[in-house]
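Read through the structure below, which is laid out as structure tokens, and then see the notes.
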Amino acid sequence: KRAAADITVTVIAMGFLMGSLSSAIAYLLWRFELLGATGRELPWTPWLAMLALAPAQGVRLMTGRILLGEARFGTNNWLNIGRAATQPLLLVALVVLANWGLWGAVVATAATTTALTLASVIVLLPARPRMRIDFDFMVEALRYGIKIWVGDLATRVNLRLDQMILGIV
């Protein structure tokens, strides 16, 4: 219905906003101690560093959707393989070998997220995206996406309740 070049900037902006909103919600849950015992034990500086990565992760998620929409499965797969190979190697190098602990995990995640987000945006540049926000598309996508999000939340809540029940038993 729409050319990728027409909606790329809109989709990237939506990914950034989704990541920012997710980060804000997670921060508020943590700040008001609604994340349980694990949340109370989280040191605030690495936690905030991880929350700062959420907008970039949202952009990466949405650029992947553009690639899939353009049937660029190979490119998307290579980016996913790059993440799958790089993240564990960096984690082992920084957490285990360099003995950086939690900060090693944060740096590994930040490096992987930054590199993949940049690569994802760069591979979309040859399509010459138009530098404008398509508000009609945004409304249409949000209308559809909110329904999927609610369904996904229901699925996750059901899974977590099953896990909680199994944990109690």
Side-chain angles (χ1 to χ4, degrees), residues 1-30 45-95 98 100 102-157 159:
K1 186 175 180 179
R2 289 183 169 85
D6 293 335
I7 61 169
T8 296
V9 172
T10 304
V11 172
I12 288 172
M14 288 174 66
F16 184 85
L17 292 173
M18 287 172 28
S20 298
L21 179 62
S22 299
S23 182
I25 290 169
Y27 173 77
L28 290 173
L29 290 172
W30 173 76
T45 46
W47 173 240
L48 293 179
M50 291 302 289
L51 290 177
L53 295 174
Q57 291 170 334
V59 169
R60 168 62 190 117
L61 172 73
M62 298 307 278
T63 55
R65 298 302 177 262
I66 294 170
L67 291 172
L68 292 176
E70 290 185 316
R72 292 175 62 185
F73 304 112
T75 304
N76 194 54
N77 287 344
W78 278 112
L79 289 168
N80 288 332
I81 289 168
R83 181 196 50 77
T86 305
Q87 183 87 26
L89 291 174
L90 282 173
L91 283 170
V92 168
L94 297 175
V95 175
W100 285 11
L102 182 57
W103 275 108
V106 171
V107 171
T109 303
T112 304
T113 298
T114 303
L116 285 168
T117 301
L118 287 173
S120 298
V121 171
I122 288 168
V123 299
L124 293 174
L125 292 179
R128 298 186 186 266
R130 288 175 185 70
M131 295 305 207
R132 67 179 185 86
I133 302 291
D134 184 339
F135 289 102
D136 291 334
F137 172 76
M138 186 180 287
V139 169
E140 186 179 324
L142 288 173
R143 202 176 290 142
Y144 177 74
I146 288 173
K147 293 174 189 172
I148 291 177
W149 181 62
V150 170
D152 184 56
L153 282 177
T155 301
R156 290 177 188 274
V157 166
L159 176 66

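The structure presented is a predicted model; accordingly, all values stated were derived computationally and were not measured.
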Worked verdict on Trp103 versus Thr45 for side-chain contact (heavy atoms from CB on, under 4.5 Å): CA-CA 9 Å; Trp103 275 108; Thr45 46; 3.6 Å; yes
Within a strict 4.5 Å, meaning less than it, do heavy atoms of the [X] and [Y] side chains meet?
X: Met138; Y: Asp134; result: no
X: Trp30; Y: Leu51; result: no
X: Trp100; Y: Val95; result: no

Please report the closest heavy-atom contact between [X] and [Y], naming both atoms and the distance.
X: Leu91; Y: Ala105; result: CD2-CA, 3.6 Å
X: Pro46; Y: Leu102; result: CG-CD2, 3.6 Å
X: Ser23; Y: Ala54; result: CB-CB, 3.7 Å
X: Ala49; Y: Val106; result: CB-CG1, 3.7 Å
X: Ala98; Y: Leu94; result: CB-O, 3.6 Å
X: Ala26; Y: Trp47; result: O-CZ2, 3.8 Å

Out of curiosity, [X] [atom1] to [Y] [atom2], how far, rounded to the nearest 0.5 Å?
X: Arg132; Y: Ile7; atom1: CZ; atom2: CD1; result: 10.5 Å
X: Ile66; Y: Ser120; atom1: CD1; atom2: OG; result: 9.5 Å
X: Thr112; Y: Leu53; atom1: OG1; atom2: CG; result: 10.0 Å
X: Leu116; Y: Thr63; atom1: CG; atom2: OG1; result: 9.0 Å

Arg72 side chain to Val123 backbone, donor-acceptor under 3.5 Å: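 Flag set: sc Arg72 to bb Val123 pair under 3.5 Å.
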Any donor-acceptor pair under 3.5 Å from Thr8 side chain to Pro129 backbone: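 Side chain of Thr8 to backbone of Pro129, a donor-acceptor pair under 3.5 Å: no, none is there.
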Derivation and outcome, side-chain contact (heavy atoms from CB on, under 4.5 Å), residues Val9 and Met14: CA-CA 9 Å; Val9 172; Met14 288 174 66; over 6 Å; no
Non-neighbouring partners of Thr117 that pass side chain to side chain contact (heavy atoms under 4.5 Å, CB included), sequence neighbours left out: Ala56, Val59, Arg60, Thr113
Pair Glu70 + Arg65, salt bridge at N-O below 4.0 Å: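 No, no charged N to carboxylate O under 4.0 Å.
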Atom CZ of Phe137 with >12 non-hydrogen neighbours under 6.0 angstrom: yes
Working for side-chain contact (heavy atoms from CB on, under 4.5 Å), residues Glu140 and Arg2: CA-CA 12 Å; Glu140 186 179 324; Arg2 289 183 169 85; 3.2 Å; yes
Arg83: partners by side-chain hydrogen bond (donor to acceptor under 3.5 Å, both in side chains), with sequence neighbours left out: none
